[in-house]
Visitor: 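Here it is: the structure, laid out below.
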Amino acid sequence: MLQFEQGRTGTTAGCRGCQKIEKKKPDKFKHEWLLNPRYWSVCYVESYGFFCVLCKKHNMKNAQNKSQTFIETPSKRLKEDSLKIHMASAAHSSAVEADLLQRMSAFHHEVVEKNEVQTTVLQNVFATAFFLMKEFIANRKLIPLISFMEKVLGVSQLKHFSHCSQGSVREIYSTLGDTVKQNHLKRAINAKRFGMLMDEVTDISVSSQLISFIQFWDDESSSMTTMFLSSQNVLEDFSSCNSEAITELVKRELSASGLDISKLMGLSTDGASVMVEKTNGVAAKLRQSNDKLPNMHCVCHCLALACTDSCQELKFIKEVEDVLRQLWYYFHNSPKKTACFLKCQIQLKKVSLSHSEKTKKLLAKRLKKACQTRWLSFDASVTAALQSYEAILLSLQEIDDATAIGLISKLKSVKFLGALYILNAILPVLSSLSKQFQAGNFHFSMIRPAVNRAISTLATLKETTEPLQKLQADIDSFTRISDDLQLRKDTGRQLETLLANYVDALTTNIKDRLGNSPKVIEAYAIFDPLLLPSSDEDSFKEYGEVEVKTIANHFFPGDEDKMTKLLCQWSQVKFFLSGRKLQIPAGNQSSTFFMSFMLKNKGIFHPSMFEELLFVADVGLSLPCSDAWPERGGSVINITKTKFHNRLINEMLNALVQVSINAPESVKCNEIVKSAVANWLKEKPRKKTEKVTVTPASDQCGVVSPNRRP
């Protein structure tokens, strides 16, 4: 028992000895650490810990946890390892760099600043170039504007931009245009189908430009998208603008853009023979590479041609158009005569001198030019002439030259005045129809309903003779101007005959021009849910089967399996529509809305079950029916390439038009600018050019102009 107690006591003593051995000794500061030159910035405060004088001077913080150890709070870990870790930290390195910057020369400081703001400076320059491109300002203004911003507005960072040569400026503009184009092409390449819109225009330098747009269903935005593709100088590589040249240019552009010609499912042109000729036209040659390609004659051009044909058939309507054009030239070419005309309007409307000049400009309207090749111009010309009819007569009487006397003899006629009333009632109907066709979301399935409505309105005007009734009510006010302006029975009968003949001619020509669409295009009218009969009606069962077979024969020729599947899928869609009323938003075409609805709702119309029907819907949304977009592109080219900037090469012209049409507004250009800067830097190693020297201009605001050093 005693031995056991002794053994236990000995064991306990041994354990206590181990505890004394294992007890951690307190950390102690060693003065020899501070003798190491590596730790020259460290300061030890008794009973507190380590501080770093350099980090405290520049108020550095840990970038991750914002800790201020060694700066505001001491480091109480009295180990040399803690000093090594701090010396290797990013915060201490930044403090060393900041301290060295204070000691270096001004030249070195400028070099370091330039490296730090290089990307920011490039983004600012590219954003400035983007704004100039968007606002149709000449590219030569970029460098002077940057200099103005640096010297006058105080954007000092721009002094580090040294790529000021004309070659660098062209590359900046080209990179912005390519970036905008590639952003849109990524979505177009991912699209399953696309349509093409083409037109040929002549610019200020008498170059034949082939303008191309593409239209496709964009899955990313779930909407139908139209984008500018390119503008090609046809006569640069070819001797004439024939179908072979245009076809070759189209194939080149599609190949360069990464677009597969087999996906081209629609072509819209202005109807010129070089485009639509059955054997040698552009559409026929493209159909050799894609036999499913349908061709569409632009409905806006068809309507304009129908109106022109009607004017040519009726000599008096043509004479009225010629007189209005001559009247416009008469006043437009003489500031003195125009001032007299505007003064007569102000006097007739009894505007006192107390009214402001702005009020007078609102009341005094100018005449409009009637032009057959410009849509809606005849309507605007007739409206302006009728509103200012009395002022026109008074100004012509006051001028009293030979031309004025001849125009008065034409204008001071009841038949001419009655023709203006007739045109003022009919042309707004045609203008409204043309504006519907020019709308971006207009679908060809709505052409026939829109045309039928316009024809019905014209027939109503013919039956009621509404324009002549307005003339009869207003004739007394015109009689005060001249005794010759009296509506007699024989003149009234002539005007009734003119109204009837003009309406008949318009109706016939519109039907001839707009009633011959390809059958496959007319068949798409079945996708209008508003035309679907009720499921209780006998026609519901067979509704759309003929049209579906027409579509299947065009896109799936000889494939009975796909035709049968398409018919079954159409039958399911009919019952889906009959049991559910779709709420069509305002401003949307019903057929376009339903095809978009199918492509958006893949959960209802799953591709594995409705593959053929979704293909048909995708093609339907890609089919362009109007050539209005290439016309707008031609207008942008005419604004960009003026007589003062008529030497623009096509590469620069394409970049400017890309930004003008496809790019967002200038305030939303951040993403495009960042991508363009990255592409510009990756393109090739950029050399440092000579510094730009500036000389103060003679104006008072201190605008500067850059000059290259010799």
Visitor: To the nearest 0.5 Å, what is the distance between NZ (Lys462) and CD1 (Ile426)?
Guide: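 Separation between the atoms: 10.5 Å.
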Visitor: Please list, chain by chain and in numerical order, all residues satisfying side chain to side chain contact (heavy atoms under 4.5 Å, CB included) with Gln232, sequence neighbours excluded.
Guide: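 Residues passing side chain to side chain contact (heavy atoms under 4.5 Å, CB included) with Gln232: Leu210, Ser212, Ser230, Leu249, Glu253.
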Visitor: Using distance alone, with no hydrogens and no angle criterion, decide if Ser431 and Asp379 have a side-chain donor and acceptor under 3.5 Å apart.
Guide: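 Present: a donor and an acceptor within the cut-off.
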Visitor: Heavy-atom distance under 4.5 Å between the side chains of Met198 and Leu267, does that happen here?
Guide: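 Yes, close enough: below the 4.5 Å cut-off.
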Visitor: Answer whether the closest heavy-atom distance between the side chains of Leu468 and Tyr421 falls below 4.5 Å.
Guide: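 Result no, sub-4.5 Å side-chain heavy-atom pair not found.
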Visitor: Stepwise, does the side chain to side chain donor-acceptor pair (under 3.5 Å) test hold for Ser243 with Lys285?
Guide: CA-CA 8 Å; Ser243 59; Lys285 292 183 179 298; 4.5 Å; no
Visitor: Counting only N and O atoms by type, is there a donor-acceptor contact under 3.5 Å from the side chain of Asn424 to the main-chain atoms of Leu420?
Guide: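 A pair under 3.5 Å: no.
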Visitor: Is the CD atom of Glu244 crowded by more than 12 outside heavy atoms at less than 6.0 Å?
Guide: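 Check passes, neighbour count above 12.
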Visitor: Rounded to the nearest 0.5 Å, what separates atom CG in Leu393 from atom NZ in Lys412?
Guide: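 Between Leu393 CG and Lys412 NZ, I get 6.5 Å after rounding to 0.5 Å.
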Visitor: Tell me, with the steps shown, if Arg493 and Asp490 meet salt bridge (Lys or Arg N to Asp or Glu O under 4.0 Å).
Guide: CA-CA 5 Å; Arg493 287 193 293 270; Asp490 55 341; 5.8 Å; no
Visitor: Hydrogens and angles aside, do Ser395 and Lys337 bring a side-chain donor and acceptor to less than 3.5 Å of each other?
Guide: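 Judged by distance alone, the side chains do not pair up.
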Visitor: For the residue pair Lys410 and Phe416, would you count it as a cation-pi contact if the rule is NZ or CZ under 6.0 angstrom from the ring centre and within 45 degrees of the ring axis?
Guide: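 The answer is no; the distance or angle limit is not met.
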Visitor: Taking atom CZ as the centre, does Arg252 end up with more than 12 heavy-atom neighbours from other residues, nucleotides or ligands that are less than 6.0 angstrom away?
Guide: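 Atom CZ in Arg252 is packed in, count exceeds 12.
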Visitor: Do any N or O atoms from the side chain of Asn501 and from the backbone of Thr497 form a donor-acceptor pair under 3.5 angstrom?
Guide: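 Here the side-chain-to-backbone pair exists.
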Visitor: Less than 4.5 Å apart, any side-chain heavy atom of Val323 and any of Trp328?
Guide: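 Not in contact.
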Visitor: Have Asp401 and Thr403 got a donor and an acceptor in their side chains that come within less than 3.5 Å?
Guide: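 No - no donor-acceptor pair under 3.5 Å links their side chains.
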Visitor: Would you tell me whether Gln438 and Ser434 have side-chain atoms, one donor and one acceptor, within less than 3.5 Å of each other?
Guide: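 There is such a pair between these side chains.
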Visitor: Hey, could you give me the OH/CG distance between Tyr389 and Leu394, rounded to the nearest 0.5 Å?
Guide: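 Answer for the OH-CG pair, Tyr389 versus Leu394, is 11.0 Å.
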Visitor: Could you tell me whether a side-chain N or O of Ser334 sits under 3.5 Å from a main-chain N or O of Tyr330, the two making a donor and an acceptor?
Guide: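 Side chain of Ser334 to backbone of Tyr330: no pair is present.
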Visitor: Give the minimum heavy-atom separation between Cys300 and Phe437, together with the two atoms involved.
Guide: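 Here Cys300 and Phe437 meet closest at SG-CB, 3.5 Å.
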Visitor: Do Lys315 and Glu319 meet the salt-bridge criterion of a basic N to acidic O distance under 4.0 Å?
Guide: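 No, this pair does not count.
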Visitor: Hey, is NZ on Lys134 packed in by over 12 heavy atoms from elsewhere, all under 6.0 Å?
Guide: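 Yes - once you tally the heavy atoms of other residues, nucleotides and ligands closer than 6.0 Å, there are more than 12.
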Visitor: Report the residues that fulfil ring-ring contact (aromatic ring centres under 6.0 Å, His included) with Phe331, sequence neighbours left out, ordered by chain and then residue number.
Guide: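 Only Phe341 meet the ring-ring contact (aromatic ring centres under 6.0 Å, His included) criterion with Phe331.
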Visitor: Donor-acceptor pair, Lys318 side chain versus Ser310 backbone, under 3.5 Å?
Guide: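 The answer is no, because no donor-acceptor pair under 3.5 Å joins these two groups.
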Visitor: Looking at Asp203, is its backbone amide N or carbonyl O close enough to the side chain of Ser207 to form a donor-acceptor pair, meaning the two atoms are under 3.5 Å apart?
Guide: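 Between the backbone of Asp203 and the side chain of Ser207 there is no qualifying donor-acceptor contact (under 3.5 Å).
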Visitor: Verify the distance criterion only: is there a donor paired with an acceptor across the side chains of Glu200 and Ser208 at less than 3.5 Å?
Guide: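 On atom types as modelled, these side chains qualify, holding a pair under 3.5 Å.
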Visitor: Got a second to check how far Ile422's CD1 is from Leu499's CG, nearest 0.5 Å?
Guide: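 Rounded to the nearest 0.5 Å, the CD1-CG separation comes to 5.0 Å.
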Visitor: Under 3.5 Å, side chain of Ser409 to main-chain N/O of Gly406, donor-acceptor pair present?
Guide: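 Such a contact is found between Ser409 side chain and Gly406 backbone.
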Visitor: Just so I know, are the side chains of Ile211 and Trp629 near enough to count as touching, which here means a heavy-atom distance under 4.5 Å?
Guide: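 Side chain of Ile211 against side chain of Trp629, heavy atoms only: no contact under 4.5 Å found.
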Visitor: Of all residues at least two apart in sequence or in a different chain, which pass the side chain to side chain contact (heavy atoms under 4.5 Å, CB included) check with Ala425?
Guide: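 In terms of side chain to side chain contact (heavy atoms under 4.5 Å, CB included), with neighbours along the sequence ignored, Ala425 is linked to Leu461, Pro467.
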Visitor: Crowded around Glu135 CD? As in, over 12 foreign heavy atoms under 6.0 Å?
Guide: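 Count over threshold, so yes.
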Visitor: Test your reading of the model: is there a side-chain donor-acceptor pair from Ser432 to the backbone of Pro428, 3.5 Å cut-off?
Guide: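 Checking the backbone N and O of Pro428 against the side chain of Ser432, no donor-acceptor pair under 3.5 Å is found.
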Visitor: Quick check: does any side chain N or O of Gln658 sit under 3.5 Å from a backbone N or O of Leu229, one acting as donor and the other as acceptor?
Guide: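 The answer is yes, because a donor-acceptor pair under 3.5 Å joins these two groups.
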Visitor: List in chain and number order the residues that pass side chain to side chain contact (heavy atoms under 4.5 Å, CB included) with Arg647, two or more places apart in sequence or in another chain; answer none if no residue qualifies.
Guide: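 Arg647 satisfies side chain to side chain contact (heavy atoms under 4.5 Å, CB included) with no other residue.
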Visitor: With sequence neighbours left out, what residues match Asn333 under side chain to side chain contact (heavy atoms under 4.5 Å, CB included)?
Guide: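 So Asn333 forms a side chain to side chain contact (heavy atoms under 4.5 Å, CB included) with Tyr329.
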Visitor: Please determine, by modelled atom types, if Ser231 and Gln209 share a side-chain donor-acceptor pair under 3.5 angstrom.
Guide: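 Gln209 and Ser231 do have a side-chain donor-acceptor pair below 3.5 Å.
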Visitor: Would you confirm whether His297, through its side chain, and Asp270, through its main-chain N or O, come within 3.5 Å as a donor-acceptor pair?
Guide: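 Yes; at least one donor-acceptor contact below 3.5 Å.
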Visitor: Determine which pairs satisfy ring pair (Phe, Tyr, Trp, His ring centres under 6.0 Å) with at least one residue from residues 223-253, sequence neighbours left out, and list them in order.
Guide: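 For residues 223-253, and leaving out neighbouring residues, the ring pair (Phe, Tyr, Trp, His ring centres under 6.0 Å) pairs sorted by first residue read Phe213-Phe228.
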